[in-house]
Engineer: 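Dropping a structure here in structure tokens format, bear with me for questions.
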Amino acid sequence: MDALGDVAHTLDLPRKQVRKLLDRFRVTRGKDFRLKDRDPADTAGHLITPEQAHHLLAAGTDRLAALQEKLAAQDRWSVLCVFQAIDAAGKDGTIKHVMSGVNPAGVQVTSFKVPGPEELAHDFLWRSTRALPGRGRIGIFNRSHYEEVLVVRVHPEILAGQRLPHELVGKKIWDHRLRAIAGFERYLARQGTIVLKFFLHLSREEQKRRFLARLDEPDKHWKFSAADLAERDHWDAYQAAYQAAIAATAAPWAPWFVVPADHKWFTRLIVSAALIEALDRLDLRMPPPDAAAEAALAAARAKLEAEP
Ligand code: AMP
Ligand code: MG
């Protein structure tokens, strides 16, 4: 935020400009997608001025709060936001910031950890299904079913612990899982769930800087885990797994946003703008009261006014 200076006046961005900005990071088809070509430090300077970015960030939380209220009142659509990233990319901070103005009653955040015994006793989509947002609600997945083609792919010993029947574990298992995920998301979209997926794309150098900052500042020690450092040794394997996952599951009805994560303010800006754009497109309206509801309201008023 500091880099943006202190801009007091408000600037409204035309929808077209916001769409252009988001299109730069939105992936809706896997063919030709190359993670290697994406710059984690990108801030799209030619598409948005620092003043506009500052305004968009500041206005975003209010705008989202208003849209979420309508989403709940209309009670038709659900929104599912999936967040995936390597460690220290800023998932938690982004979720906290972007949702900060929204009514907590309308939002649910699910953080997916290492699966426990009950989860391991089921198919891999089981726990995601149970955590899906109902109509009118926004669901945030902090990690998700994608871990099954990321951390599990990078560490074959995790797969071995999943107790799948031997004859079902072959070379095609990742392809099968990716297809299952793509099918799952297509199904959700057809059921009225807006699926948005965010990959917070951090550079190796910036991860090192953030890890060191966690070590330097006592207030950040709780965020540091030695396991994160061990995962860093598998950097290339993770990048390859993300490349494959995004390429196999990007679709117009379940887009990926490959969000540059080296600058936190920019990450937040893109996530917030993507959510707002998606809700905006629904053209949400407060439901008009029908005749019966109007009559009930009039009766309620009469009753209250008749009280001594
Ligand atoms: P954190 O998000 O830092 O609390 O860490 C959660 C940990 O759980 C990460 O190391 C994830 O890789 C791990 N995790 C999440 N989902 C799965 C899964 N399906 N299989 C194995 N590990 C997982
Ligand atoms: Mg962690």
Side-chain angles (χ1 to χ4, degrees), residues 80-99 108-132 139-164 168-169 173-185 197-202 204 206-215 217 219-246 248-249 256 259 261 264 267 271:
L80 174 65
C81 299
V82 168
F83 284 88
Q84 284 292 158
I86 55 143
D87 294 301
K91 274 189 286 103
D92 297 10
T94 302
I95 293 168
K96 177 174 152 189
H97 171 87
V98 172
M99 305 313 290
Q108 63 206 53
V109 181
T110 310
S111 298
F112 290 96
K113 308 286 184 186
V114 176
E118 197 187 9
E119 294 169 329
L120 282 174
H122 291 84
D123 61 279
F124 83 87
L125 288 174
W126 182 74
R127 65 175 182 167
S128 285
T129 311
R130 285 162 48 104
L132 289 171
I140 310 268
F141 281 7
N142 185 348
R143 302 187 189 271
S144 67
H145 41 285
Y146 281 97
E147 292 290 329
E148 292 288 338
V149 291
L150 297 165
V151 69
V152 183
R153 190 168 191 170
V154 172
H155 296 283
E157 68 275 15
I158 302 180
L159 182 65
Q162 293 189 344
R163 306 201 325 274
L164 289 162
L168 298 181
V169 185
I173 188 158
W174 307 117
D175 190 35
H176 291 162
R177 283 194 177 188
L178 287 167
R179 277 202 244 169
I181 291 173
F184 174 56
E185 292 173 354
K197 303 175 291 189
F198 299 97
F199 170 52
L200 275 41
H201 185 28
L202 188 71
R204 207 171 167 181
E206 182 60 22
Q207 189 194 47
K208 182 176 172 181
R209 259 193 297 278
R210 290 186 191 176
F211 278 170
L212 284 171
R214 286 178 182 186
L215 294 172
E217 294 174 41
D219 277 359
K220 288 188 177 173
H221 281 176
W222 67 274
K223 282 193 182 181
F224 188 82
S225 106
D228 294 352
L229 202 55
E231 290 312 284
R232 184 173 161 82
D233 290 338
H234 301 284
W235 187 272
D236 291 342
Y238 271 108
Q239 297 295 309
Y242 271 110
Q243 160 72 39
I246 294 168
T249 60
W256 273 103
V259 188
K264 287 183 180 172
T267 311
V271 171

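Just follow the structure's listing: the first ligand is 1, and inside any ligand the first atom is 1. For the single chain, residues carry numbers from 1 onward in sequence order. Heavy-atom basis, side chains included; hydrogens, waters and symmetry copies ignored.
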Engineer: Might you point out which heavy atoms bring His221 and Arg214 nearest each other, and give the distance in Å?
Structural biologist: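 Where His221 meets Arg214 most closely, the heavy atoms are CD2-O, 2.9 Å.
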Engineer: In plain terms, say whether Arg143 and Asp87 are close enough for a salt bridge, that is, a side-chain N and a carboxylate O under 4.0 Å apart.
Structural biologist: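 Salt bridge present between Arg143 and Asp87.
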Engineer: How many angstroms lie between atom CG of Leu212 and atom CD of Glu217, to the nearest 0.5 angstrom?
Structural biologist: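 The distance works out to 11.0 Å.
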Engineer: Under 4.0 Å, heavy-atom basis, I'd like to know which part of Arg143 is in contact with ligand 1: side chain, backbone, both or neither.
Structural biologist: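 Just the side chain.
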Engineer: What atoms of ligand 1 come within less than 4.0 Å of a heavy atom belonging to Val152?
Structural biologist: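 Checking each atom against Val152, I get 20 (N).
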Engineer: Look at Asp228 together with Arg232 and state whether they make a salt bridge at an N to O cut-off of under 4.0 Å.
Structural biologist: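 Salt bridge: no.
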Engineer: Is it the side chain, the backbone, both or neither of Ala227 that has a heavy atom closer than 4.0 Å to ligand 1?
Structural biologist: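 Contact part for Ala227 vs ligand 1: neither.
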Engineer: Polar contacts were defined as any N/O atom of the residue lying under 3.5 Å from an N/O atom of the ligand; does this apply to Asp87 and ligand 1?
Structural biologist: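 There is no such contact.
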Engineer: In terms of ring plane angle, is the pair Phe224 and Phe211 parallel, tilted or perpendicular, where the classes change at 30° and 60°?
Structural biologist: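 Geometry flag for Phe211 against Phe224: perpendicular rings.
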Engineer: Check contact between Arg127 and ligand 1, using heavy atoms of the residue and a distance below 4.0 angstrom.
Structural biologist: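 True for this residue.
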Engineer: Where does the angle between the aromatic ring planes of His122 and Trp126 fall among parallel (under 30°), tilted (30 to 60°) and perpendicular (over 60°)?
Structural biologist: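 Because their plane-to-plane angle is under 30°, the rings of His122 and Trp126 count as parallel.
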Engineer: Between Val114 and ligand 1, which residue portion shows a heavy-atom distance shorter than 4.0 Å: side chain, backbone, both, or neither?
Structural biologist: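 Both backbone and side chain.
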Engineer: Please confirm whether Lys91 comes within less than 3.5 Å of ligand 1 when only nitrogen or oxygen atoms on both sides are compared.
Structural biologist: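 No; every N/O pair is 3.5 Å or more apart.
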